[in-house]
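Along the sequence shown, residues are numbered consecutively beginning with 1.
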Amino acid sequence: MKKNLLIMLFFASVLAVSCNKDLGNYSYSELDQMAIADFPDTVNIKVGDELLISPNLTLGNGAYNPEEFTYEWYSYDYSTGNDSKARIFLGKELTLKTIPKMLVGQYRSYLKVTHVTTGRIWSYKYILNIDGTFGKVGWFVLSAKDEKAHLDYFQDDPKNWNSNGTVYRDINTFWNDQITNTSIDFQGEPVSMEIFYNRDPVVPAVKSYLYVNTKSQTYKINQSDGFTYNSVKNNFKNETASGSPASAEFLSPSDDFANLAYKDNNIYSYYYMLNKYYNVPLNNNPNGTVYRVAPFIAMPMGNFYLYSMYYDMDAKRFMRTFYTSARGTVVNFQSGDFSTADTKMDMVWMSHTAAFNGQTVAILKKDSQYFLVRINFTANGAVSLHSVTDVTSILTDLSSAKHFALDNKYGYLFYVANDKLYQFEMDTKTLKVAKNLNGRKVSLLKSERLVRLHPSSGYSINFTARMDPVLYSIILGTYDEGSPNTSGKVEFLHVQGLMGDLIQTIKPMEGFGIVKDVQYTDMVS
């Protein structure tokens, strides 16, 4: 009997030691006294703001060792209608510091604390209220990280124009598709963006849309209603007569509900007031064949009738079109041996400037020679040939240039070659280095082209402080080749008269991938 008692006492002591070991540094009584402080009942934040909660945990009289516990912060969004998808993970550290990718609403939220050794769980509840909306005025920056699209938004402040104080990274993750109730995940490598007011047979109400074009799809975001997205109602195919083109490489609007779309060397026309939707491309011949269009559209700002100019790559000729056109017509002007109807040259680049009362500027190449062609092209559709200049020996390193732009105030030509940004005064034929790039690679060079807020609009005149640096700057996107996913930068170089130095009137924006496009919200308020 005495022997049996000793054996029982031995195993009891072993079990006690084992239990204490399983509890780690804590006893059951200490775990029973887990307490939390600095933990709110309710948290109120604005959409896109940082959520910060830093609670204090204690264990009776014992010292609390956070490494012996795991943490999980989560919220529930039951609006999904699917409980299995309602849970939103927020963080795994004791201090929660994150920007929730969540829409406006009220969310039941929790902190779950687990003791690693025993598996014991504590749960603390709070209510997360997200309020507010995204401002509708600002800059969108589309960039590529490992060939995937990322969209950032620098919200402007109407009380302090061009301050861009509030920044939303990957803003599309805050927007849900109303059909799937999941955030927008852009598919395909990013290509371009456009913003303008439009309507279609499915959504006839006038809305401002942000179009994001990737190599596989065109996304149509309803900016007017707080950046909402409905993959059925807001579908680019709703603007087509028969589903073609399914997406666009880039868009070029001239006015509300008036637009050209470019895809696979074809150009399509849309004009809602005439029930004209994307259908047969404008580059069609009477016999039913089509010719290839160069990826450039020259379109005056402030023209209401979709006046535009493009280039036939096959017949090597300038073409023009307007809102009622079923196909393009030839631009036919002669200057010496040069004819716009048969240039016998390849198109290098083409664009339009609001300077000179409106002018199309193109660079053409024939063998090893380069020619600068200027065609007067106004917002009311008037066209005439201005000049043809051999610039082979004038524009330094032109053969290696890949990016071009025109400014809208003075009509200077800008181009990038061999680590330099060049500026060219076309009348006096003066060339200078406007900026040394110091090894940074250029991914974007453009001037902003606006539909409602163009230079002659009353809206623009009423918002001079806001619009002047937007309309009259050259936008430069660069990156460091060694860190392309994080080094993307956008600079706004305000153009000065008399070939003066470029001035930064808008603070540079940084922290992108390879910048593909930049768009300013074309809103009047």
Side-chain angles (χ1 to χ4, degrees), residues 194-199 206 250-262 267-276 282-283 293-294 296-312 317-335 339-341 350-362 372-388 405-413 426-427 446-464 467-468 470-472 522 524:
E194 189 55 74
I195 294 176
F196 67 105
Y197 285 80
N198 206 357
R199 57 199 298 195
V206 180
F250 66 87
L251 304 172
S252 186
S254 74
D255 191 27
D256 298 349
F257 340 129
N259 182 60
L260 295 182
Y262 182 91
I267 189 169
Y268 301 85
S269 177
Y270 183 91
Y271 204 88
Y272 180 83
M273 303 306 289
L274 295 180
N275 295 321
K276 184 181 182 183
L282 294 172
N283 50 301
V293 174
F296 311 103
I297 295 175
M299 181 184 290
M301 281 192 286
N303 90 79
F304 304 110
Y305 299 106
L306 208 58
Y307 293 119
S308 56
M309 197 173 296
Y310 62 91
Y311 193 76
D312 177 351
R317 57 186 179 172
F318 287 89
M319 307 293 291
R320 61 176 305 201
T321 183
F322 72 124
Y323 73 115
T324 62
S325 299
R327 63 175 54 93
T329 57
V330 179
V331 178
N332 196 349
F333 295 101
Q334 192 84 25
S335 176
S339 170
T340 56
M350 182 176 70
S351 190
H352 190 276
T353 175
F356 317 115
N357 198 34
Q359 197 169 94
T360 292
V361 178
L372 182 70
V373 179
R374 300 170 65 183
I375 302 174
N376 297 324
F377 188 24
T378 67
N380 62 12
V383 181
S384 62
L385 181 61
H386 179 280
S387 61
V388 181
L406 294 165
D407 92 272
N408 285 311
K409 195 167 192 176
Y410 303 104
Y412 298 137
L413 169 68
M426 294 187 292
D427 286 334
K446 65 176 288 188
S447 57
E448 182 68 331
R449 184 185 174 281
L450 300 174
V451 179
R452 283 200 168 188
L453 298 170
H454 54 78
S456 61
S457 73
Y459 299 129
S460 179
I461 294 170
N462 293 334
F463 289 98
T464 302
M467 299 313 305
D468 189 80
V470 174
L471 279 169
Y472 303 127
D522 201 355
V524 298

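Side-chain N/O atoms of D407 and S447 include no donor and acceptor closer than 3.5 Å.
Partners of Y412 according to the ring pair (Phe, Tyr, Trp, His ring centres under 6.0 Å) rule, which considers only residues two or more places apart in sequence or in another chain, are Y410. Scored by the side chain to side chain contact (heavy atoms under 4.5 Å, CB included) test, T353 finds A355, F356, Q359, L406, N408 as partners (sequence neighbours excluded). In this structure N380 satisfies the side-chain hydrogen bond (donor to acceptor under 3.5 Å, both in side chains) test together with T378, sequence neighbours excluded. Applying the ring pair (Phe, Tyr, Trp, His ring centres under 6.0 Å) rule to F333 yields no partners; only residues at least two apart in sequence or on another chain are considered. F322 meets the ring pair (Phe, Tyr, Trp, His ring centres under 6.0 Å) test with Y307; sequence neighbours excluded.
For the atom pair L385 CG and R374 CZ, the distance stands at 10.5 Å (nearest 0.5 Å). Rounding to the nearest 0.5 Å gives a distance of 6.0 Å between CZ of R199 and CE of M273. Atom CD1 of I297 and atom CG of N259 lie 8.0 Å apart (nearest 0.5 Å). Separating the OG atom in S456 from the CE atom in M301 is a distance of 8.5 Å, to the nearest 0.5 Å. Note that the OG1 atom of T324 and the CG atom of L306 stand 9.5 Å from one another [nearest 0.5 Å]. To the nearest 0.5 Å, the span separating OG on S351 from CZ on R449 amounts to 9.0 Å.
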After noting the C-alpha distance and the side-chain angles of H386 and I375, does the key distance pass the side-chain contact (heavy atoms from CB on, under 4.5 Å) rule?
-> CA-CA 5 Å; H386 179 280; I375 302 174; over 6 Å; no

Starting from the C-alpha separation in whole Å, work towards a yes-or-no answer on side-chain contact (heavy atoms from CB on, under 4.5 Å) for M319 and L282.
-> CA-CA 10 Å; M319 307 293 291; L282 294 172; over 6 Å; no

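Under the ring pair (Phe, Tyr, Trp, His ring centres under 6.0 Å) rule, Y262 has a single partner from Y311, Y268, F250, which is F250.
The shortest side-chain heavy-atom distance between N357 and N376 does not fall under the 4.5 Å cut-off. At a threshold of 4.5 Å between non-hydrogen side-chain atoms, the residues L372 and V361 count as touching. In this structure, the side chains of L450 and M467 come closer than 4.5 Å at one or more pairs of heavy atoms. A 4.5 Å side-chain heavy-atom check between L260 and Y310 finds every atom pair outside the cut-off. A heavy-atom distance below 4.5 Å is found between the side chains of V373 and F318.
Under a 3.5 Å cut-off, the side chain of R320 and the backbone N or O of G381 do form a donor-acceptor pair. Not one N or O on the side chain of K276 forms a donor-acceptor pair closer than 3.5 Å with the backbone of S269. In this structure, N283 contributes its side chain and I267 its backbone to a donor-acceptor pair below 3.5 Å. S254 contributes a side-chain N or O that, together with a main-chain N or O of N303, makes up a donor-acceptor pair within less than 3.5 Å. A donor-acceptor pair is defined here as one N or O able to donate and one able to accept, closer than 3.5 Å; no such pair exists between the side chain of R317 and the backbone of N332. For H352 (side chain) and F377 (main-chain N/O), a donor-acceptor pair under 3.5 Å exists by modelled atom type.
The heavy-atom pair separating T360 from A298 by the smallest distance is OG1-CB, 3.4 Å. Closest of all the heavy-atom pairs between L251 and E194 is O-OE1, 3.4 Å.
Sorted by first then second residue, the salt bridge (Lys or Arg N to Asp or Glu O under 4.0 Å) pairs that include residues 250-262, not counting sequence neighbours, are D256-R452.
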